[in-house]
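Shown next, in structure tokens, is the structure this report addresses.
Quick note: numbers below take in every heavy atom, side chains included, and nothing from hydrogens, waters or symmetry partners. To find a chain, count down the sequence lines: A is the first, B the second, and so on, and within it residues start at 1.
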2 protein chains.
Amino acid sequence: MSLGIDEPIREPWRHALEEPSVKDGILVLLVEDEPQMQRFLRASLGSHGFRLLEAATGAEAVLQATTHSPDIVLMDLGLPDVDGIALTRKLREWSRVPIIVISARGREEDKVEALDAGADDYLTKPFGVNELFARIRVALRHAGQSGGEGPGPVLDLGEVRIDLEARRVTVAGSDVHLTPIEYKLLVLLAKNAGKVLTHRQILKEVWGPAYAGQTHYVRVRMAELRKKIERADGPKLFVTEPGVGYRLVAERADEAPPVK
Amino acid sequence: MSLGIDEPIREPWRHALEEPSVKDGILVLLVEDEPQMQRFLRASLGSHGFRLLEAATGAEAVLQATTHSPDIVLMDLGLPDVDGIALTRKLREWSRVPIIVISARGREEDKVEALDAGADDYLTKPFGVNELFARIRVALRHAGQSGGEGPGPVLDLGEVRIDLEARRVTVAGSDVHLTPIEYKLLVLLAKNAGKVLTHRQILKEVWGPAYAGQTHYVRVRMAELRKKIERADGPKLFVTEPGVGYRLVAERADEAPPVK
DNA sequence: AAAGACCTTGACGGCCCCTTGAGGGGGCGG
DNA sequence: CCGCCCCCTCAAGGGGCCGTCAAGGTCTTT
């Protein structure tokens, strides 16, 4: 019965990532106006170590979400002042927090509408706590893996630095002029440093999906890039994977540590 | 809808990156053995522009997922040869593809087990197509937004590690360069670790269906693979099954989840 | 209109990778 | 012991992929 979130389940999918937060740290925003349900969920969640935040109206919910940025939102659709669907859309305008909708309405159209509005899951009352917890774990799992936000405004590759905001590239301190395609190509490779990108991927991202077959384009542009950027940097920055594509070597030795 | 709270809906969650593929390009792996359900889903998915891949057994499913890397998996739990839960875990060892479980079993423990095994959603039969599609959209939304972040799926075979996302292989920590065919061969064997793959299967998956008779190709490439990655690892990694094919020994001795 | 920046396109030489065939070894049945 | 089958090894050969260069076309700038 105590198949709660603290169960020592093996989690093979969570290879090696920052623990988003231990169970005790997880902050749940409960959007619910019905007192009975409030009590029930408050007890269940509380006894499993979640920290709780509550809101009984849409306005409150927005305020709570804004100021405390919870890790997950449980939203009942039956609110007095606002439609839960609209509230979901509102939240989705600026936040990617996981939203699990709880509703007494089991009609298919309701589910579709909520999910398309941005909800991550839809649970019909009555439901079991264990299922709720399992779905919370799934939602947190998703949120955790996209954890780190986009890369900073500056990509640092040893001698080479790319200022994404200024669209400026420097090699060993001095500016290097890149044409539009060269720049897109470099940024694409830099953002995926260490990974091999196939010709197809590169062409689709840089030139557009229609050019997926023009492998030669990549070769010519790549040669130009190498001439401009790889000059001073002794070790090869761009590595050719014959028959596959290209890879930009990652300078930093951090990388994902071994699984075991 | 009626309150001023809902602004123009611009699907803000999609700002992460360009959509990897339009709906028409999405490849669905349908793991289902029941003919009636097969027909139903085949028709529904097909008419909505999804490309379809089918598997009626666990082994087939693994092979299909291995070679075609679908964008999403729909899995019925009632398979003849393997438990769907175990299959989910198996897939999660190397892949982060969204998995939506479809089952006739509505018991809460079943849901919890499936979700904790790595499934992203759980749909109880009977269900409506529209809900299924909505949940597919949610799953794809999640998959799309995590773009290039995350630890990346890694196959761990003792000394040998295969980083699928980076297409990089290391033996005892140092990089090993593999040609395209060598790499495909290794990955195929690794994803089916423990199982014997016949020459025919290997040729079909790595070289293409037209090469099914060229057994010698496999032998030569296999020899090269052994020279490159089996050197330091004392115990044999690749086992020859005379007259049949090859097998990669599974190192991990665990994998015995007691069916509670 | 002329000049410049940028991309496409083709040709060519070099090198990587796959094929292909020959030679040899080990297991098994006769 | 011998012969057959299956497998491993090695190296030569050729085809295809890659890097390079330069001419020509298109669009923008002056």
- Message: Can you confirm whether more than 12 heavy atoms, excluding those of A:Y211, are under 6.0 Å from its OH atom?
- Response: no

- Measure the acute angle between the ring planes of B:H48 and B:F133, then classify it against the limits of 30° and 60° as parallel, tilted or perpendicular. tilted

- Message: Show, in sequence, the C-alpha distance, side-chain angles and deciding distance for B:L29 and B:L27, and conclude whether the side chain to side chain contact (heavy atoms under 4.5 Å, CB included) test is met.
- Response: CA-CA 7 Å; B:L29 173 55; B:L27 188 61; over 6 Å; no

- Sole candidate of B:L91, B:L74, B:I72 that passes side chain to side chain contact (heavy atoms under 4.5 Å, CB included) when paired with B:I99: B:L91

- Between which nucleotides of DNA chain C, read 5' to 3', does contact with chain A run, using atoms under 4.0 Å from its heavy atoms? C:dC6 to C:dC17

- Query: Is it true that B:R92 and B:D120 have a side-chain N and a carboxylate O under 4.0 angstrom from each other?
  - Reply: yes

- B:R42 atom CZ, neighbour heavy-atom count above 12 within 6.0 Å: yes

- Message: Applying salt bridge (charged side-chain N to carboxylate O under 4.0 Å, His left out) as the test, list every pair that has at least one member in residues 205-217 of chain B; sequence neighbours left out.
- Response: none

- Query: Rounded to whole angstrom units, what separation is found between the CD atom of B:E224 and the C1' atom of D:dC7?
  - Reply: 16 Å

- Message: For nucleotides 14-30 of chain D, give me one character per nucleotide, 5' to 3': B if any protein heavy atom sits under 4.0 Å from the base, S if the only such contacts are to the sugar-phosphate, - if neither.
- Response: ---SBBBS---------

- Message: In whole Å, I'd like the distance from the CZ atom of B:F238 to the P atom of D:dC7.
- Response: 17 Å

- Run the side chain to side chain contact (heavy atoms under 4.5 Å, CB included) check on B:I202 and B:Y217 step by step: do they pass? CA-CA 10 Å; B:I202 294 175; B:Y217 290 13; over 6 Å; no

